[in-house]
Every structure is written in structure tokens, then in C-alpha cells.
Amino acid sequence: YKKHKNIAYDIGSWFIAYLYSKDGEEKHKKNFYNDLDKLGFEGSFVKNFGKSSDAYIKEFNSFIIKPWSQIYKILP
């Protein structure tokens with residue numbers, strides 16, 4: 001665990017970058033958080049991003065194994 005202590009943060013950061021590249025920053029920063037109390041995490045996720053978090057993670061997992069030259073293209 002110590003050797004790769006930042007991996008969760010690193011992968012989480014890339015997941016958010018991927019999410020922003022697909023659905024925009026506003027959906028995440030405003031809409032998703034505004035719906036959390038009422039809908040819970042998964043309900044808010046589905047409402048704002050159009051699919052379950054598991055489906056999005058599966059899609060992201062296919063993306064993150066691509067060559068770095070393709071992955072970096074999602075960054076502004």
C-alpha cells in the first residue's frame with residue numbers, strides 16, 4: 001500500500017477529468033452535488049450523467065489503458 005499510496009488519488013483525478021471531458025464540468029460541480037441529498041450518490045449520478053457509476057467506471061477502465069498520447073487528449 002505504501003509503495004502506491006497515491007494511486008487512488010491519481011486514478012480518481014483521471015476519472016474526474018474523463019467525466020468532465022464527456023459531460024462537462026457544470027454537471028459535476030453543480031448539478032450532481034445539488035441532487036446528492038435528495039437522490040443519493042447513485043441516483044444523482046444516473047440523473048446527471050445518464051448511466052450508473054458502475055457503467056461509467058467500466059467505460060473509464062477501457063479508456064485508461066489506452067496509450068498516454070490518447071489519454072492526454074482529454075485535458076484542456
Side-chain angles (χ1 to χ4, degrees):
Y1 191 93
K2 228 177 195 183
K3 182 179 176 185
H4 301 289
K5 64 182 176 181
N6 291 328
I7 196 163
Y9 178 80
D10 293 343
I11 292 296
S13 297
W14 275 108
F15 181 78
I16 296 300
Y18 181 75
L19 193 68
Y20 282 12
S21 76
K22 295 290 186 182
D23 288 296
E25 187 176 347
E26 190 66 21
K27 280 187 180 180
H28 180 257
K29 286 177 67 177
K30 184 177 179 189
N31 301 349
F32 172 75
Y33 285 109
N34 285 342
D35 291 331
L36 275 176
D37 286 339
K38 183 173 58 175
L39 302 174
F41 177 86
E42 194 62 29
S44 182
F45 199 96
V46 170
K47 177 184 175 191
N48 288 286
F49 303 115
K51 59 185 95 172
S52 70
S53 61
D54 285 342
Y56 230 116
I57 289 169
K58 185 176 179 179
E59 185 181 304
F60 171 75
N61 286 341
S62 296
F63 163 77
I64 202 67
I65 61 171
K66 292 182 178 184
W68 280 109
S69 60
Q70 291 180 352
I71 292 171
Y72 281 118
K73 289 180 182 179
I74 68 167
L75 299 176

Supply the atom-to-atom distance [X] [atom1] to [Y] [atom2], rounded to the nearest 0.5 angstrom.
| X | Y | atom1 | atom2 | answer |
| --- | --- | --- | --- | --- |
| I11 | N61 | CD1 | CG | 8.5 Å |
| N31 | E25 | CG | CD | 12.0 Å |
| I16 | S21 | CD1 | OG | 11.0 Å |
| L19 | W14 | CG | CH2 | 14.0 Å |
| K51 | D23 | NZ | CG | 7.5 Å |

Return the set of residues passing salt bridge (charged side-chain N to carboxylate O under 4.0 Å, His left out) with [X] (not counting sequence neighbours), or none when no residue passes.
| X | answer |
| --- | --- |
| K58 | none |
| K22 | none |
| E42 | none |

Seminar exercise, completed: Taken in chain and number order and not counting sequence neighbours, the residues that satisfy ring-ring contact (aromatic ring centres under 6.0 Å, His included) with F63 are Y18
Problem set entry | Counterpart residues, ring-ring contact (aromatic ring centres under 6.0 Å, His included), relative to Y20 (two or more places apart) |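 With sequence neighbours excluded, Y20 shows a ring-ring contact (aromatic ring centres under 6.0 Å, His included) to H28, given in chain and number order.
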Exercise. For the residue pair F32 and F49, does the interplanar ring angle fall in the parallel (under 30°), tilted (30 to 60°) or perpendicular (over 60°) class?
Worked result: tilted
Exercise. Quick check: are there more than 12 heavy atoms from other residues, nucleotides or ligands sitting under 6.0 Å from CG of D10?
Worked result: yes
For this session: Taking the side chain as every heavy atom from C-beta outward, state whether F15 and I57 have any atom pair closer than 4.5 Å.
Result: yes
Seminar exercise, completed: Nearest heavy-atom contact between S44 and D35 is OG-CB, 3.3 Å
Problem set entry | Joint hydrophobic cluster, Y56 plus I71, side-chain heavy atoms closer than 4.5 Å | yes
Problem set entry | Pairwise side chain to side chain donor-acceptor pair (under 3.5 Å) hits with a residue in residues 64-76, at least two apart |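 Side chain to side chain donor-acceptor pair (under 3.5 Å) check on residues 64-76 returns no pairs.
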